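One structure is given below, encoded as structure tokens.
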Protein chains: 2
Amino acid sequence: MSSSTDAQPARKPRGEYAKTRARKTAILDAALEVFAQSGYRSGSIRDVATLVGISEAGLLHHFPNKVKLLEAVLEHRDDLARSVVPMDAPDGADTLRGLVELAAYNASVPGVVELYCTLSAEATSPDHPAHEYFTRRYADTRSAIANAFRRLADAGRLTIEVDPVRAAISTIALMDGLQVQWLLDRDVVDMAQELADFFGSFVTELRADTEAGSDLAELS
Amino acid sequence: MSSSTDAQPARKPRGEYAKTRARKTAILDAALEVFAQSGYRSGSIRDVATLVGISEAGLLHHFPNKVKLLEAVLEHRDDLARSVVPMDAPDGADTLRGLVELAAYNASVPGVVELYCTLSAEATSPDHPAHEYFTRRYADTRSAIANAFRRLADAGRLTIEVDPVRAAISTIALMDGLQVQWLLDRDVVDMAQELADFFGSFVTELRADTEAGSDLAELS
DNA sequence: GTCTATATGGCGATAGAC
DNA sequence: GTCTATCGCCATATAGAC
């Protein structure tokens, strides 16, 4: 993505590049925190810069403007999520288990959860800079989860007849909605448990295999 | 709530009061639209005033500051929601049906849905002016719906054993999450239908009685 | 009850020194 | 690569005229 190394091939073997990269990830972490707290529109580049300990102009050297910064944060985050959930596993149950694990993991990073809740709501407006991103992201997630349900249905592991796409919609809705309630009152809501129970209500043999996820859940 | 009629009992029978009230509701409607579009933090009093067709100062005559305006909008909206959903009906099924009807009605007022999605996400931050409001509101709604499930369980109308509070949590989560997806892509999601199906998966005899709600759903 | 005018301050972004 | 300084804009809120 970045073009900072395009021109110079192998001259000047200084430690500069590593330093820049460290600074960049520091900025991304800070941006995550600020955007999570205040949303994108109200969160200020100034706050991010202060949190990192540099000036506004210093920050804008690394990310040319606020929108680019947001996009970088979202991409950064998506890489991580993709590593937790095997979205196109041959066994649909693995995907569902991955989602439960993700819910459990999320309970350990409230800042990230806050960012996504706030942003996905904000980005509902068509003129929001992340609107396209979220529209695409939801469509992709929906079809990936629908595929998982389809594979489970083919394997005869669904106890009732369900429309895969609609089951995917409900699954995502449940995950999103649980996050809001969890953020407002963390003692009342166990996101991973509710999600696992939801799956358990129409998928066979998911519960027994999901112990790893349950262990993770106790970290919260 | 308002104190504009407190002092003067019956003197000066002019049309002034009515005019003020009309202006006030016009402001509330505009505020709803602006806050829905941009969220509370980014939505500006200036935009609201412009939309109504008065000046900023003129608006601030009716609502002393931005926070008071937000509170008025939320109260205004809650009155309406309460009139749709019988939260403590003796028959729990009536409450659930009310929720499905509410989901169907919501599909006809995207601005309101947007407001609540954006605000509830924003208000997740403890320092948000509406944080207390949403915390309390979610707790109240949760216990009301839990009561409905409890009554249904007592009447032997639940097909599986469920914890009333957890069922309430999932119900609310589903409703909230469906709203985000619906706002992003209104053709893919039918909020009322998904909610009704969810209830149908463990409540008996809800489907047959809910025709009125289904009719409403087709308005979207 | 509504206006204009203004005080005060935060915002994103740019220019140019080091 | 980071800084200071600054521009131009928009925000909430107040003061005072009409």
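Not measured: the values here are computed from a predicted model.
When the C1' atom of C:dA5 is taken as reference, atom CZ of B:Arg46 falls 13 Å away, rounded to whole Å. In this structure, B:Asn65 atom CG and C:dT8 atom C1' are separated by 17 Å, rounded to whole Å. Computed from coordinates, the B:Lys66 NZ to C:dG9 P distance equals 19 Å when rounded to whole Å. With rounding to whole Å, B:Leu60 atom CG is found 13 Å from D:dA11 atom P. Per the geometry, CZ belonging to A:Phe63 stands 14 Å off C1' belonging to D:dG1, to the nearest Å. Rounding to whole angstrom units, NE2 of residue A:His62 and C1' of C:dG12 are separated by 18 Å. At whole-Å resolution of the value, CD1 in A:Ile27 and P in D:dG1 are 11 Å apart. Across the protein-nucleic acid pair, B:Ile45 atom CD1 and C:dC3 atom P stand 14 Å apart, rounded to whole Å.
Heavy-atom distances to DNA chain C give each of A:Tyr40 and B:Leu59 a nearest nucleotide, and the one nearer the 5′ end belongs to B:Leu59.
Set against D:dA13, C:dC11, D:dT4, the side chain of A:Ala57 has D:dT4 as its closest nucleotide. With C:dA13, C:dC11, D:dG1 as the candidates, the nucleotide lying closest to the side chain of A:Glu56 is C:dA13.
Residue A:Arg23 is classed as a sugar-phosphate contact, given heavy-atom separations below 4.0 Å to backbone atoms only. Among the heavy atoms of the strands lying under 4.0 Å from B:Ile54 are primed sugar atoms or P, OP1, OP2 only; no base atom is included.
Using a 30° and 60° split on the angle between ring planes, B:Phe134 and B:Tyr116 fall in the perpendicular class, above 60°.
Look at A:Ser44 and you won't find any side-chain N or O under 4.0 angstrom from OP1 or OP2 of C:dG10. For C:dG1, the OP1/OP2 oxygens have a side-chain nitrogen or oxygen of B:His61 closer than 4.0 Å. Residue A:Ser55 places none of its side-chain N or O atoms closer than 4.0 Å to OP1 or OP2 of D:dT4. The phosphate of D:dA11 has neither OP1 nor OP2 within less than 4.0 Å of any side-chain N or O from B:Arg41.
Within 6.0 Å of atom CD in B:Glu33, 12 or fewer heavy atoms from other residues, nucleotides or ligands are found, so the atom counts as exposed in its surroundings.
Contact check on B:Arg166 versus A:Asp190 returns no salt bridge, with no Lys/Arg side-chain nitrogen under 4.0 Å from an Asp/Glu carboxylate oxygen. Using a cut-off of 4.0 Å between Lys/Arg side-chain N and Asp/Glu carboxylate O, B:Asp140 and B:Arg137 are scored as not salt-bridged.
Checking A:Ser125 against B:Glu114 by side-chain atom types alone, a donor-acceptor pair falls below 3.5 Å.
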